[in-house]
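What you see below is based on every heavy atom in this structure, not just the backbone, and it leaves out hydrogens, waters and symmetry mates. We number each residue from 1, following the sequence as shown.
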Amino acid sequence: MENRRREDAALIAPNVEGNVWPKQACPVFEPRGDNPYGLRQCWYCRYADFHLNKPRALDVGVCYWPKKVTS
């Protein structure tokens with residue numbers, strides 16, 4: 001299926017300190033422990049902070065590459 005929204009398009013580099021959307025991914029993607037096998041999306045990346053450890057997750061996260069945020 002073709003990406004239709006800009007927010008779902010693959011990134012050519014990390015968007016350091018910038019917004020990332022759940023379905024985006026970039027070449028430095030590194031999965032967290034709960035990543036479904038083969039799924040490369042910012043939502044599951046160690047460098048993306050979507051406040052998954054808070055009561056309510058964010059719709060748009062922040063990329064903190066090269067500092068890991070989530071294990």
Rounded to the nearest 0.5 angstrom, the CZ-CD distance for Arg5 and Gln24 is 9.0 Å

- [ ] Could you tell me whether the side chain of Trp21 reaches within less than 4.5 Å of the side chain of Cys42, counting heavy atoms only?
- [x] no

Margin query: Run Asn35 and Phe29 through side chain to side chain contact (heavy atoms under 4.5 Å, CB included) and show every step you take.
Written below: CA-CA 11 Å; Asn35 182 49; Phe29 171 83; 4.1 Å; yes

Greater than 12 external heavy atoms within 6.0 Å of Asn53's CG: yes

Original post:
What about Val69 and Val62, same hydrophobic cluster or not, with Ile/Leu/Val/Met/Phe/Trp/Tyr joined at side-chain heavy-atom distances under 4.5 Å?
Top reply: yes

SG (Cys45) and CZ (Phe50) are apart, to the nearest 0.5 Å, by 9.0 Å

Please check if Trp43 and Val60 belong to a single hydrophobic cluster, counting links between Ile, Leu, Val, Met, Phe, Trp and Tyr side chain heavy atoms closer than 4.5 Å.
no

On a heavy-atom basis, the closest approach of Pro14 and Val28 is CG-CG2, 3.3 Å

**Request:** Decide whether Leu11 and Leu58 are clustered together by the hydrophobic rule: side chain heavy atoms of Ile, Leu, Val, Met, Phe, Trp, Tyr closer than 4.5 Å, transitively.
**Result:** no

Taken to the nearest 0.5 Å, the spacing of Asp49 CG from Lys68 NZ works out to 15.5 Å

For Pro36 and Tyr44, the nearest pair of non-hydrogen atoms, with its separation, is CD-CE2, 3.4 Å

| query | Hey, any chance Leu39 and Leu52 share a hydrophobic cluster, counting ILVMFWY side chains that come within less than 4.5 Å of each other, even indirectly? | reply | yes

Open item on the list: Determine whether a donor-acceptor pair (N or O, by modelled atom type, separation under 3.5 Å) exists between the side chain of Arg46 and the backbone of Glu30.
Closed with: no

Val20 and Cys63 have their tightest heavy-atom pair at CG1-CB, 3.9 Å

Q.
For Tyr47 and Trp65, take the angle between the two ring planes, folded into 0 to 90°, and tell me which bin it lands in: parallel under 30, tilted 30 to 60, perpendicular over 60.
A. perpendicular

